Number of protein chains: 2
Amino acid sequence: MTKHYILQHAVDEFAHFGYEGFSTNKFSQKIELNKATIYYHFKDKKNLYQEVLLYLSENNTDGVTRLMGSEMNSRRKLEGYIRLYVQSIKKHPQIVPIGLRETANYGSGIDDIFAREIARDMEQLETIIAGLPLKAKYKKYKAHEIKAFISGTVKTYYAMQRSSAFQKSQRADGEILDHIGSFVTDCLLDALCEDKGE
Amino acid sequence: MTKHYILQHAVDEFAHFGYEGFSTNKFSQKIELNKATIYYHFKDKKNLYQEVLLYLSENNTDGVTRLMGSEMNSRRKLEGYIRLYVQSIKKHPQIVPIGLRETANYGSGIDDIFAREIARDMEQLETIIAGLPLKAKYKKYKAHEIKAFISGTVKTYYAMQRSSAFQKSQRADGEILDHIGSFVTDCLLDALCEDKGE
DNA sequence: GTCTATATAACGATAGAC
DNA sequence: GTCTATCGTTATATAGAC
(Lines give C-alpha, C1' and ligand atoms only; values in the text may rest on other atoms or scores of the structure.)
Protein backbone atom coordinates (compact mmCIF):
# COMPACT_ATOMS: atom_id res chain seq x y z
CA MET A 1 0.00 0.00 0.00
CA THR A 2 1.41 3.33 -1.11
CA LYS A 3 0.14 5.32 1.88
CA HIS A 4 1.98 3.01 4.25
CA TYR A 5 5.12 3.18 2.12
CA ILE A 6 5.07 6.97 2.31
CA LEU A 7 4.46 6.95 6.06
CA GLN A 8 7.30 4.53 6.78
CA HIS A 9 9.83 6.67 4.93
CA ALA A 10 8.41 9.91 6.33
CA VAL A 11 9.26 8.65 9.82
CA ASP A 12 12.94 8.51 8.89
CA GLU A 13 12.85 11.81 7.03
CA PHE A 14 11.23 13.76 9.87
CA ALA A 15 13.61 12.12 12.34
CA HIS A 16 16.58 13.24 10.27
CA PHE A 17 15.58 16.77 9.33
CA GLY A 18 12.86 17.82 11.75
CA TYR A 19 9.49 19.25 10.76
CA GLU A 20 10.78 22.54 9.34
CA GLY A 21 13.73 20.87 7.65
CA PHE A 22 11.50 18.31 5.94
CA SER A 23 11.05 19.16 2.26
CA THR A 24 8.23 17.56 0.31
CA ASN A 25 10.23 18.10 -2.86
CA LYS A 26 13.33 16.27 -1.68
CA PHE A 27 11.33 13.64 0.15
CA SER A 28 9.25 12.74 -2.91
CA GLN A 29 12.42 12.42 -5.00
CA LYS A 30 14.11 10.31 -2.34
CA ILE A 31 11.29 7.79 -2.14
CA GLU A 32 10.80 7.95 -5.91
CA LEU A 33 7.18 8.98 -5.83
CA ASN A 34 5.64 12.05 -7.37
CA LYS A 35 5.02 14.91 -4.98
CA ALA A 36 1.37 15.08 -6.03
CA THR A 37 0.95 11.44 -5.06
CA ILE A 38 1.98 12.27 -1.51
CA TYR A 39 -0.58 15.06 -1.44
CA TYR A 40 -3.19 12.63 -2.69
CA HIS A 41 -2.64 10.39 0.37
CA PHE A 42 -1.99 13.12 2.93
CA LYS A 43 -3.77 16.45 3.13
CA ASP A 44 -0.60 18.44 3.75
CA LYS A 45 2.81 18.29 5.43
CA LYS A 46 1.33 18.91 8.85
CA ASN A 47 -1.10 16.02 8.46
CA LEU A 48 1.72 13.69 7.37
CA TYR A 49 3.68 14.68 10.44
CA GLN A 50 0.73 14.07 12.76
CA GLU A 51 0.33 10.59 11.27
CA VAL A 52 4.02 9.97 11.91
CA LEU A 53 3.59 10.97 15.56
CA LEU A 54 0.58 8.68 15.85
CA TYR A 55 2.46 5.79 14.26
CA LEU A 56 5.37 6.17 16.68
CA SER A 57 3.16 6.20 19.76
CA GLU A 58 1.14 3.13 18.79
CA ASN A 59 0.85 0.31 21.31
CA ASN A 60 2.94 2.08 23.91
CA THR A 61 0.05 2.95 26.17
CA ASP A 62 -1.38 -0.55 25.71
CA GLY A 63 1.70 -2.16 27.26
CA VAL A 64 1.61 0.13 30.27
CA THR A 65 -2.08 -0.54 30.79
CA ARG A 66 -1.42 -4.27 30.76
CA LEU A 67 1.41 -3.73 33.24
CA MET A 68 -0.85 -1.78 35.58
CA GLY A 69 -3.32 -4.67 35.76
CA SER A 70 -0.66 -7.22 36.67
CA GLU A 71 0.05 -8.66 40.13
CA MET A 72 3.58 -7.25 40.40
CA ASN A 73 4.64 -5.02 43.26
CA SER A 74 5.40 -1.38 42.53
CA ARG A 75 9.15 -1.91 42.19
CA ARG A 76 8.56 -4.45 39.44
CA LYS A 77 5.99 -2.22 37.82
CA LEU A 78 8.46 0.67 37.66
CA GLU A 79 11.06 -1.68 36.21
CA GLY A 80 8.47 -2.80 33.67
CA TYR A 81 7.47 0.78 32.86
CA ILE A 82 11.07 1.69 32.05
CA ARG A 83 11.58 -1.53 30.10
CA LEU A 84 8.50 -0.79 27.97
CA TYR A 85 9.80 2.70 27.29
CA VAL A 86 13.18 1.35 26.24
CA GLN A 87 11.51 -1.26 24.04
CA SER A 88 9.45 1.38 22.26
CA ILE A 89 12.66 3.18 21.31
CA LYS A 90 14.28 -0.08 20.22
CA LYS A 91 11.34 -0.62 17.91
CA HIS A 92 11.31 2.97 16.65
CA PRO A 93 14.59 4.79 17.34
CA GLN A 94 13.13 7.78 15.46
CA ILE A 95 11.23 8.52 18.67
CA VAL A 96 14.44 9.98 20.07
CA PRO A 97 15.11 12.90 17.70
CA ILE A 98 11.42 13.52 17.02
CA GLY A 99 10.56 13.41 20.72
CA LEU A 100 13.44 15.70 21.68
CA ARG A 101 12.32 18.28 19.13
CA GLU A 102 8.73 18.07 20.34
CA THR A 103 9.99 18.67 23.87
CA ALA A 104 12.02 21.62 22.59
CA ASN A 105 8.86 23.10 21.06
CA TYR A 106 7.19 23.11 24.46
CA GLY A 107 4.30 21.06 23.11
CA SER A 108 3.13 23.70 20.64
CA GLY A 109 2.61 21.06 17.95
CA ILE A 110 0.71 18.67 20.21
CA ASP A 111 -3.00 18.29 19.54
CA ASP A 112 -5.70 17.36 22.06
CA ILE A 113 -5.62 13.62 21.37
CA PHE A 114 -1.91 13.52 22.07
CA ALA A 115 -2.18 15.67 25.17
CA ARG A 116 -4.72 13.21 26.58
CA GLU A 117 -2.43 10.24 25.89
CA ILE A 118 0.38 12.01 27.71
CA ALA A 119 -1.89 12.77 30.66
CA ARG A 120 -2.95 9.13 30.88
CA ASP A 121 0.65 7.93 30.81
CA MET A 122 1.48 10.39 33.58
CA GLU A 123 -1.43 9.13 35.71
CA GLN A 124 -0.27 5.55 35.31
CA LEU A 125 3.27 6.47 36.37
CA GLU A 126 1.81 8.42 39.29
CA THR A 127 -0.04 5.28 40.42
CA ILE A 128 3.12 3.20 40.25
CA ILE A 129 5.08 5.74 42.27
CA ALA A 130 2.34 5.96 44.89
CA GLY A 131 2.88 2.27 45.58
CA LEU A 132 6.63 2.58 46.14
CA PRO A 133 8.13 2.63 49.66
CA LEU A 134 9.55 6.13 49.18
CA LYS A 135 12.08 7.63 51.54
CA ALA A 136 10.63 10.65 53.36
CA LYS A 137 12.72 13.22 51.46
CA TYR A 138 11.42 11.95 48.12
CA LYS A 139 7.73 12.09 48.97
CA LYS A 140 7.49 15.63 47.58
CA TYR A 141 8.42 14.44 44.09
CA LYS A 142 5.69 13.36 41.70
CA ALA A 143 5.42 11.67 38.32
CA HIS A 144 6.72 14.69 36.41
CA GLU A 145 10.19 14.51 37.93
CA ILE A 146 10.40 10.74 37.43
CA LYS A 147 9.09 10.99 33.87
CA ALA A 148 11.65 13.69 33.04
CA PHE A 149 14.34 11.47 34.55
CA ILE A 150 13.39 8.40 32.53
CA SER A 151 12.63 9.92 29.13
CA GLY A 152 15.20 12.71 29.39
CA THR A 153 18.07 10.48 30.38
CA VAL A 154 17.33 7.66 27.94
CA LYS A 155 16.84 9.96 24.95
CA THR A 156 19.83 12.15 25.77
CA TYR A 157 22.14 9.18 26.31
CA TYR A 158 21.01 7.47 23.12
CA ALA A 159 21.49 10.70 21.15
CA MET A 160 24.94 11.22 22.71
CA GLN A 161 26.00 7.75 21.67
CA ARG A 162 24.78 8.42 18.13
CA SER A 163 26.40 11.85 18.07
CA SER A 164 29.52 12.77 16.14
CA ALA A 165 30.56 15.13 18.96
CA PHE A 166 31.31 12.18 21.26
CA GLN A 167 33.54 9.22 20.75
CA LYS A 168 31.22 6.71 19.20
CA SER A 169 31.23 3.42 21.01
CA GLN A 170 29.73 1.83 17.90
CA ARG A 171 27.53 -0.34 20.07
CA ALA A 172 24.23 -1.53 18.64
CA ASP A 173 21.04 0.32 19.50
CA GLY A 174 19.74 -2.49 21.66
CA GLU A 175 22.88 -2.63 23.76
CA ILE A 176 22.97 1.15 24.29
CA LEU A 177 19.32 1.24 25.30
CA ASP A 178 19.48 -1.74 27.66
CA HIS A 179 22.53 -0.19 29.28
CA ILE A 180 20.95 3.20 30.00
CA GLY A 181 17.65 1.52 30.91
CA SER A 182 19.42 -0.46 33.64
CA PHE A 183 21.16 2.66 34.88
CA VAL A 184 17.91 4.59 35.15
CA THR A 185 16.11 1.69 36.85
CA ASP A 186 18.89 1.06 39.39
CA CYS A 187 19.40 4.73 40.08
CA LEU A 188 15.71 5.42 40.62
CA LEU A 189 15.03 2.46 42.89
CA ASP A 190 18.25 2.79 44.90
CA ALA A 191 17.78 6.50 45.50
CA LEU A 192 14.05 6.78 46.10
CA CYS A 193 13.07 3.58 47.92
CA GLU A 194 13.67 2.46 51.48
CA ASP A 195 16.16 -0.41 51.61
CA LYS A 196 14.50 -3.73 50.87
CA GLY A 197 11.16 -2.17 51.62
CA GLU A 198 7.69 -3.34 50.60
CA MET B 1 25.86 48.25 19.45
CA THR B 2 23.75 46.89 16.63
CA LYS B 3 25.55 43.57 16.36
CA HIS B 4 24.86 42.82 20.00
CA TYR B 5 21.22 43.92 19.59
CA ILE B 6 20.79 41.46 16.72
CA LEU B 7 22.49 38.65 18.62
CA GLN B 8 20.37 39.12 21.74
CA HIS B 9 17.15 38.87 19.79
CA ALA B 10 18.42 36.05 17.62
CA VAL B 11 18.85 33.94 20.75
CA ASP B 12 15.11 34.18 21.44
CA GLU B 13 14.17 33.65 17.80
CA PHE B 14 16.27 30.51 17.38
CA ALA B 15 15.00 29.21 20.72
CA HIS B 16 11.42 29.68 19.57
CA PHE B 17 11.58 28.44 15.98
CA GLY B 18 14.72 26.33 15.70
CA TYR B 19 17.38 26.75 13.04
CA GLU B 20 15.27 25.68 10.07
CA GLY B 21 12.22 27.55 11.34
CA PHE B 22 14.19 30.77 11.75
CA SER B 23 13.38 33.19 8.92
CA THR B 24 15.73 36.09 8.28
CA ASN B 25 12.83 37.95 6.66
CA LYS B 26 10.50 37.67 9.63
CA PHE B 27 13.30 38.15 12.12
CA SER B 28 14.48 41.40 10.55
CA GLN B 29 10.93 42.76 10.56
CA LYS B 30 10.40 41.68 14.17
CA ILE B 31 13.49 43.49 15.45
CA GLU B 32 12.83 46.42 13.08
CA LEU B 33 16.11 46.28 11.28
CA ASN B 34 16.68 45.83 7.59
CA LYS B 35 17.59 42.33 6.50
CA ALA B 36 20.70 43.62 4.72
CA THR B 37 21.90 45.15 7.99
CA ILE B 38 21.84 41.72 9.58
CA TYR B 39 23.89 40.38 6.70
CA TYR B 40 26.32 43.22 7.16
CA HIS B 41 27.02 42.11 10.74
CA PHE B 42 26.80 38.37 10.21
CA LYS B 43 28.04 36.47 7.18
CA ASP B 44 24.98 34.28 6.89
CA LYS B 45 22.28 32.54 8.90
CA LYS B 46 24.60 29.70 9.88
CA ASN B 47 27.18 32.14 11.23
CA LEU B 48 24.53 33.98 13.26
CA TYR B 49 23.44 30.66 14.75
CA GLN B 50 27.01 29.68 15.64
CA GLU B 51 27.45 33.02 17.42
CA VAL B 52 24.24 32.33 19.34
CA LEU B 53 25.57 28.93 20.43
CA LEU B 54 28.84 30.54 21.50
CA TYR B 55 27.02 33.24 23.44
CA LEU B 56 24.92 30.67 25.31
CA SER B 57 27.93 28.58 26.32
CA GLU B 58 30.01 31.52 27.60
CA ASN B 59 31.47 31.29 31.09
CA ASN B 60 30.02 27.86 31.74
CA THR B 61 33.30 26.01 31.42
CA ASP B 62 35.04 28.71 33.46
CA GLY B 63 32.84 28.02 36.47
CA VAL B 64 33.47 24.29 36.30
CA THR B 65 37.21 24.83 36.01
CA ARG B 66 37.14 27.03 39.13
CA LEU B 67 35.14 24.31 40.88
CA MET B 68 37.69 21.66 39.96
CA GLY B 69 40.49 23.63 41.57
CA SER B 70 38.66 24.07 44.86
CA GLU B 71 39.24 22.12 48.07
CA MET B 72 35.79 20.53 48.17
CA ASN B 73 35.32 16.79 48.30
CA SER B 74 33.82 15.04 45.30
CA ARG B 75 30.27 15.04 46.63
CA ARG B 76 30.38 18.83 46.97
CA LYS B 77 31.97 19.13 43.57
CA LEU B 78 29.17 17.13 41.96
CA GLU B 79 26.63 19.29 43.78
CA GLY B 80 28.49 22.33 42.49
CA TYR B 81 28.62 20.97 38.96
CA ILE B 82 24.87 20.50 38.90
CA ARG B 83 24.28 23.90 40.49
CA LEU B 84 26.43 25.57 37.84
CA TYR B 85 24.47 23.80 35.12
CA VAL B 86 21.18 24.93 36.61
CA GLN B 87 22.48 28.47 36.95
CA SER B 88 23.50 28.59 33.30
CA ILE B 89 19.91 27.76 32.33
CA LYS B 90 18.54 30.33 34.77
CA LYS B 91 20.69 32.92 33.06
CA HIS B 92 19.81 31.73 29.55
CA PRO B 93 16.65 29.59 29.47
CA GLN B 94 17.02 29.47 25.67
CA ILE B 95 19.67 26.80 26.28
CA VAL B 96 16.85 24.33 26.86
CA PRO B 97 15.05 24.32 23.47
CA ILE B 98 18.25 25.02 21.53
CA GLY B 99 20.16 22.34 23.38
CA LEU B 100 17.40 19.78 22.97
CA ARG B 101 17.31 20.37 19.21
CA GLU B 102 21.08 20.09 18.98
CA THR B 103 20.86 16.78 20.81
CA ALA B 104 18.12 15.70 18.41
CA ASN B 105 20.42 16.48 15.48
CA TYR B 106 23.02 14.05 16.81
CA GLY B 107 25.65 16.79 16.83
CA SER B 108 25.61 17.30 13.08
CA GLY B 109 25.70 21.08 13.50
CA ILE B 110 28.52 21.06 16.04
CA ASP B 111 31.87 22.38 14.86
CA ASP B 112 35.30 21.38 16.17
CA ILE B 113 35.60 24.18 18.73
CA PHE B 114 32.35 23.15 20.30
CA ALA B 115 33.18 19.46 20.23
CA ARG B 116 36.35 20.20 22.16
CA GLU B 117 34.43 22.20 24.78
CA ILE B 118 32.07 19.28 25.24
CA ALA B 119 34.97 16.86 25.56
CA ARG B 120 36.59 19.04 28.21
CA ASP B 121 33.35 19.28 30.19
CA MET B 122 33.06 15.50 30.04
CA GLU B 123 36.61 15.03 31.31
CA GLN B 124 35.95 17.33 34.25
CA LEU B 125 32.80 15.42 35.16
CA GLU B 126 34.76 12.18 34.79
CA THR B 127 37.31 13.47 37.32
CA ILE B 128 34.60 14.38 39.80
CA ILE B 129 32.98 10.97 39.50
CA ALA B 130 36.31 9.20 39.92
CA GLY B 131 36.58 10.80 43.36
CA LEU B 132 33.17 9.62 44.52
CA PRO B 133 32.81 6.61 46.84
CA LEU B 134 30.79 4.65 44.28
CA LYS B 135 28.88 1.51 45.16
CA ALA B 136 30.33 -1.51 43.37
CA LYS B 137 27.40 -1.90 40.98
CA TYR B 138 27.81 1.69 39.72
CA LYS B 139 31.53 1.48 38.97
CA LYS B 140 30.80 0.47 35.38
CA TYR B 141 29.05 3.78 34.69
CA LYS B 142 31.07 6.72 33.43
CA ALA B 143 30.55 10.43 32.82
CA HIS B 144 28.30 9.87 29.79
CA GLU B 145 25.51 8.29 31.80
CA ILE B 146 25.75 10.92 34.56
CA LYS B 147 25.87 13.75 32.01
CA ALA B 148 22.81 12.38 30.22
CA PHE B 149 21.05 12.13 33.58
CA ILE B 150 21.81 15.71 34.59
CA SER B 151 21.28 17.56 31.32
CA GLY B 152 18.51 15.27 30.04
CA THR B 153 16.43 15.42 33.20
CA VAL B 154 16.83 19.14 33.85
CA LYS B 155 16.04 20.16 30.27
CA THR B 156 13.15 17.75 29.91
CA TYR B 157 11.58 18.76 33.21
CA TYR B 158 11.95 22.46 32.46
CA ALA B 159 10.42 21.98 29.01
CA MET B 160 7.56 19.92 30.47
CA GLN B 161 6.78 22.68 32.94
CA ARG B 162 6.76 25.21 30.13
CA SER B 163 4.70 22.96 27.87
CA SER B 164 1.05 23.44 27.04
CA ALA B 165 0.56 19.65 27.04
CA PHE B 166 1.00 19.50 30.82
CA GLN B 167 -0.84 21.35 33.53
CA LYS B 168 1.26 24.43 33.96
CA SER B 169 2.29 25.02 37.54
CA GLN B 170 3.04 28.63 36.64
CA ARG B 171 6.09 28.57 38.87
CA ALA B 172 8.93 30.92 38.02
CA ASP B 173 11.92 29.62 36.08
CA GLY B 174 14.23 29.82 39.09
CA GLU B 175 11.91 27.78 41.27
CA ILE B 176 11.42 25.08 38.63
CA LEU B 177 15.15 24.78 38.01
CA ASP B 178 16.14 24.71 41.68
CA HIS B 179 13.53 22.04 42.26
CA ILE B 180 14.72 19.69 39.54
CA GLY B 181 18.34 20.49 40.36
CA SER B 182 17.82 19.28 43.93
CA PHE B 183 16.08 16.17 42.69
CA VAL B 184 18.93 15.28 40.36
CA THR B 185 21.57 15.97 43.01
CA ASP B 186 19.82 13.96 45.73
CA CYS B 187 18.99 11.12 43.38
CA LEU B 188 22.53 10.82 42.04
CA LEU B 189 24.31 10.96 45.39
CA ASP B 190 21.84 8.70 47.19
CA ALA B 191 21.89 6.06 44.46
CA LEU B 192 25.54 5.99 43.46
CA CYS B 193 27.49 6.64 46.66
CA GLU B 194 28.18 4.45 49.65
CA ASP B 195 26.35 5.74 52.71
CA LYS B 196 28.22 8.55 54.42
CA GLY B 197 31.33 7.54 52.59
CA GLU B 198 34.43 9.60 51.90
C1' DG C 1 -4.10 6.46 -8.06
C1' DT C 2 -0.15 8.50 -10.27
C1' DC C 3 1.69 11.61 -13.21
C1' DT C 4 3.19 16.63 -15.67
C1' DA C 5 3.07 21.21 -15.21
C1' DT C 6 2.49 25.17 -12.79
C1' DA C 7 0.78 28.69 -9.32
C1' DT C 8 2.14 31.40 -5.53
C1' DA C 9 4.71 32.56 -1.79
C1' DA C 10 8.76 32.65 1.04
C1' DC C 11 13.39 31.67 1.42
C1' DG C 12 18.58 33.16 1.95
C1' DA C 13 21.52 36.33 0.19
C1' DT C 14 23.56 40.49 -2.34
C1' DA C 15 24.40 44.82 -5.31
C1' DG C 16 24.55 49.37 -4.90
C1' DA C 17 22.58 54.06 -3.30
C1' DC C 18 23.09 57.00 0.59
C1' DG D 1 26.47 51.30 8.84
C1' DT D 2 21.80 51.12 7.14
C1' DC D 3 18.78 51.29 3.62
C1' DT D 4 15.88 49.94 -1.19
C1' DA D 5 15.41 46.82 -4.58
C1' DT D 6 16.01 42.61 -6.47
C1' DC D 7 18.20 38.11 -7.73
C1' DG D 8 17.91 33.14 -7.99
C1' DT D 9 16.21 29.27 -5.60
C1' DT D 10 13.27 26.56 -3.13
C1' DA D 11 9.17 25.91 -0.59
C1' DT D 12 4.19 24.05 -0.10
C1' DA D 13 0.46 23.00 -2.61
C1' DT D 14 -2.83 22.17 -6.58
C1' DA D 15 -5.18 21.76 -11.35
C1' DG D 16 -5.90 18.69 -14.67
C1' DA D 17 -4.28 14.88 -18.05
C1' DC D 18 -4.05 9.94 -18.07
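Values reported hereafter were calculated over all heavy atoms of this structure, with side chains retained and with hydrogens, waters and symmetry mates removed. Not measured: the values here are computed from a predicted model. Below, read A as the first sequence line, B as the second, and so on, with proteins coming before strands; counting in each chain starts at 1.
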Colleague: State whether A:Tyr19 and A:Lys45 meet the cation-pi test: NZ (Lys) or CZ (Arg) under 6.0 Å from the six-membered ring centroid, and within 45° of the perpendicular axis.
Modeller: yes
Colleague: To the nearest Å, give me how far apart CD (A:Glu20) and C1' (C:dA10) are.
Modeller: 13 Å
Colleague: Out of curiosity, A:Met160 CE to A:Phe166 CZ, how far, rounded to the nearest 0.5 Å?
Modeller: 4.0 Å
Colleague: For the pair made of NZ in A:Lys46 and P in D:dA13, what is the distance, rounded to whole Å?
Modeller: 11 Å
Colleague: Do the ring planes of A:His4 and A:Tyr55 sit parallel (below 30°), tilted (30 to 60°) or perpendicular (above 60°)?
Modeller: perpendicular
Colleague: So, does B:Ser23 get its side chain near the phosphate of C:dA10, meaning an N or O under 4.0 Å from OP1 or OP2?
Modeller: no
Colleague: Find the distance B:Asn47:CG to C:dG12:P and express it as a whole number of Å.
Modeller: 15 Å
Colleague: Whether B:Thr2 contacts D:dG1 is assessed here as follows: a side-chain N or O lying under 4.0 Å from the phosphate OP1 or OP2. Is that the case?
Modeller: no
Colleague: Taking the minimum atom-to-atom distance to the side chain of A:Ala36, which one of C:dC3, D:dA13, C:dG12 wins?
Modeller: C:dC3
Colleague: Between D:dA11 atom P and A:Phe17 atom CZ, what is the distance in whole Å?
Modeller: 11 Å
Colleague: Do A:Glu51 and A:Lys3 sit within salt-bridge range, that is, some charged N less than 4.0 Å from a carboxylate O?
Modeller: yes
Colleague: With a 4.0 Å cut-off on heavy atoms, is B:Lys3 in touch with a base, just the backbone sugar-phosphate, or nothing at all?
Modeller: nothing
Colleague: Pick base, sugar-phosphate or nothing for B:Phe27, based on heavy-atom distances below 4.0 Å to the nucleic acid.
Modeller: nothing
Colleague: Which listed nucleotide (C:dT2, C:dA13, D:dA13) is nearest to the side chain of B:Lys35?
Modeller: C:dA13
Colleague: Can you measure B:Leu33 atom CG to D:dT4 atom C1' for me and round it to whole angstrom units?
Modeller: 15 Å
Colleague: To the side chain of A:His41, which of D:dG1, C:dT2, C:dC11 is closest?
Modeller: C:dT2
Colleague: Kindly say if B:Tyr40 contacts the phosphate of D:dG1, meaning a side-chain N or O under 4.0 Å from OP1 or OP2.
Modeller: yes
Colleague: Looking across every strand, which nucleic acid part, if any, lies under 4.0 Å from A:Phe22 by heavy atom: base, sugar-phosphate, or nothing?
Modeller: sugar-phosphate
Colleague: Would you say B:Tyr39 places a side-chain N or O within less than 4.0 Å of OP1 or OP2 belonging to C:dA13?
Modeller: yes
Colleague: Please pick, from C:dC11, D:dA13, C:dC3, the nucleotide with the shortest atom-to-atom distance to any side-chain atom of A:Asn34.
Modeller: C:dC3
Colleague: Given atom CG of A:Asn25 and atom C1' of D:dT9, what is their separation to the nearest angstrom?
Modeller: 11 Å
Colleague: Mind calculating the distance between CD1 (B:Ile38) and P (D:dG1) to the nearest angstrom?
Modeller: 15 Å
Colleague: Ignoring backbone atoms, test whether A:Thr37 places a side-chain nitrogen or oxygen under 4.0 Å from the OP1 or OP2 oxygen of C:dG1.
Modeller: no
Colleague: Phosphate oxygens OP1/OP2 of C:dC11: is one of them under 4.0 Å from a side-chain N or O of B:Lys26?
Modeller: yes
Colleague: Would you please indicate if the ring centroids of B:His179 and B:Phe183 are separated by under 6.0 Å?
Modeller: no
Colleague: Are B:Arg76 and B:Glu79 close enough for a salt bridge, meaning some N to O gap below 4.0 Å?
Modeller: yes
Colleague: Calculate the interatomic distance between B:Lys45 atom NZ and D:dA11 atom C1'; express it in whole Å.
Modeller: 12 Å
